[in-house]
Asker: 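Just passing along the structure, written as structure tokens.
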Amino acid sequence: MMVMAAIALTACDKQAQQMDEKSKTAEESASEMKIAYVEVDSIMSQYQFCKEYSQILEKKSKNIQNTINQKGQSLQAAAVKFQQDIQNNKYTQQQAEAVNAGLQKQQADLQALQQRLGNEFQAETDKFNVALRDSIQHFLAKYNKDKKYALILSKAGDNILYADKVYDITTDVITGLNKAYKPVAAAKEKKEEKK
């Protein structure tokens, strides 16, 4: 029995010693770790790519809303006229049913159009978000080759409770992103010139 207890104590001592070594290594690494952060709000407001795509998405959103509003107003006017015609006995029972069915089909078509345009807009927004994330990650990978940060955090709102401005690389990142960015309008013009 004593032999078993001695073996168990020896095994526990070795595990405790290994854990102490691991935690010391982690503490040492943490003290040597270089960390930086980037203000996401600043990127969104100062990165030319974001500015251009925000305008493009805003314009698309307004166009969708205008299209839906126009078709909705047209349908509403047709429904009001139909109700007036019914009250004035301008339709037979069969004609009224046919006009009503046509109005219901227009309503269903409008809802389908709204859904389709909404899905297209969401797909475009998702595409923008992926392109934004990819451009930032690509830039940071190049940027960090020289800087050797162990961690670069994104600071949006209050997700980081405190950060010393010494670790803020936002200006460097925005400057580098804008320098590397090729405007959408210029890319479209080059494509058209090739044709």
Side-chain angles (χ1 to χ4, degrees), residues 16-70 72 111 113-195:
Q17 190 176 17
Q18 287 175 347
M19 289 177 68
D20 286 346
E21 288 173 8
K22 285 182 182 176
S23 63
K24 285 179 186 175
T25 306
E27 287 173 13
E28 290 169 1
S29 295
S31 67
E32 296 170 10
M33 185 182 334
K34 285 178 63 177
I35 297 176
Y37 70 93
V38 177
E39 295 272 356
V40 175
D41 295 343
S42 296
I43 288 178
M44 296 303 288
S45 66
Q46 297 174 32
Y47 181 19
Q48 197 59 37
F49 174 78
C50 291
K51 288 180 184 180
E52 282 186 25
Y53 267 90
S54 292
Q55 289 173 349
I56 289 169
L57 291 174
E58 186 177 333
K59 185 177 178 182
K60 284 186 181 200
S61 176
K62 284 181 181 177
N63 286 342
I64 289 170
Q65 196 61 46
N66 289 340
T67 299
I68 298 301
N69 286 344
Q70 287 173 350
Q111 289 173 341
L113 176 65
Q114 188 172 12
Q115 181 69 36
R116 182 178 58 80
L117 292 176
N119 290 343
E120 287 174 5
F121 182 76
Q122 186 60 51
E124 185 73 21
T125 302
D126 292 345
K127 183 177 146 185
F128 159 72
N129 287 330
V130 167
L132 174 62
R133 186 187 68 238
D134 288 350
S135 72
I136 292 170
Q137 288 176 342
H138 179 74
F139 173 77
L140 287 176
K142 290 167 99 177
Y143 175 82
N144 202 38
K145 284 182 181 177
D146 296 334
K147 304 295 181 182
K148 306 284 190 224
Y149 289 109
L151 198 59
I152 299 176
L153 304 171
S154 66
K155 183 175 187 277
D158 61 355
N159 66 344
I160 295 176
L161 299 177
Y162 174 78
D164 191 325
K165 280 291 193 189
V166 170
Y167 303 106
D168 185 355
I169 60 170
T170 306
T171 303
D172 289 349
V173 172
I174 291 170
T175 301
L177 285 168
N178 282 330
K179 187 176 180 181
Y181 178 62
K182 308 291 185 259
V184 174
K188 286 182 181 178
E189 287 174 13
K190 285 183 182 179
K191 283 183 182 179
E192 290 175 10
E193 287 175 4
K194 288 181 181 179
K195 291 179 182 179

Asker: For a quick test of reading the model, state the closest non-hydrogen atom pair linking Val40 to Ala156 and the distance between them.
Answerer: CB-CB, 4.0 Å
Asker: Testing the basics here: between Ser154 and Asn159, what is the closest heavy-atom pair and its distance to 0.1 Å?
Answerer: O-ND2, 3.2 Å
Asker: Within a strict 4.5 Å, meaning less than it, do heavy atoms of the Ile35 and Tyr149 side chains meet?
Answerer: no
Asker: Name all residues meeting the side chain to side chain contact (heavy atoms under 4.5 Å, CB included) criterion together with Asp168; count only those two or more places apart in sequence or in a different chain, and write none if there are none.
Answerer: Tyr37, Glu39, Lys165, Thr170
Asker: For a side chain to side chain donor-acceptor pair (under 3.5 Å) check, start with the C-alpha distance between Asn66 and Gln70, then their side-chain angles and the critical distance, and finish with the verdict.
Answerer: CA-CA 6 Å; Asn66 289 340; Gln70 287 173 350; over 6 Å; no
Asker: Out of curiosity, Cys50 SG to Phe128 CZ, how far, rounded to the nearest 0.5 Å?
Answerer: 4.5 Å
Asker: Mind checking the NZ-CD spacing from Lys60 to Gln65? Nearest 0.5 Å is all I need.
Answerer: 16.0 Å
Asker: Considering residues at least two apart in sequence or located in another chain, which fulfil the side chain to side chain contact (heavy atoms under 4.5 Å, CB included) criterion with Asn129?
Answerer: Thr125
Asker: Is the shortest side-chain heavy-atom distance between Tyr53 and Leu132 below 4.5 Å?
Answerer: no
Asker: Holding to side chain to side chain contact (heavy atoms under 4.5 Å, CB included), I want the full list of residues that pass it with Phe139, two or more places apart in sequence or in another chain.
Answerer: Tyr143, Val173, Leu177
Asker: With rounding to the nearest 0.5 Å, note down the distance linking CD1 in Ile152 to CD in Gln137.
Answerer: 10.5 Å
Asker: Under 3.5 Å, is there a donor-acceptor pair between the Asp126 and Gln122 side chains?
Answerer: yes
Asker: First locate atom CD of Gln55, then atom CD of Glu58, and finally report the distance between them rounded to the nearest 0.5 Å.
Answerer: 7.5 Å
Asker: I'd like to check the side chain to side chain contact (heavy atoms under 4.5 Å, CB included) partners of Ile68; sequence neighbours left out, ordered by chain and number.
Answerer: Ile64, Leu110, Leu113, Gln114, Leu117
Asker: Quick check: do Phe121 and Ser61 have side-chain heavy atoms less than 4.5 Å from each other?
Answerer: yes
Asker: Looking at residues at least two apart in the chain, or sitting in another chain, which of them share a side chain to side chain donor-acceptor pair (under 3.5 Å) with Tyr167?
Answerer: none
Asker: Once rounded to the nearest 0.5 Å, what's the spacing between atom OG1 of Thr175 and atom CD1 of Ile169?
Answerer: 11.5 Å
Asker: Any side-chain heavy atom of Pro183 sitting closer than 4.5 Å to one from Gln48?
Answerer: no
Asker: Under the salt bridge (Lys or Arg N to Asp or Glu O under 4.0 Å) rule, what pairs show up with a residue in residues 132-151, not counting sequence neighbours?
Answerer: none
Asker: Can Glu120 and Glu124 be said to form a side chain to side chain contact (heavy atoms under 4.5 Å, CB included), step by step?
Answerer: CA-CA 6 Å; Glu120 287 174 5; Glu124 185 73 21; over 6 Å; no
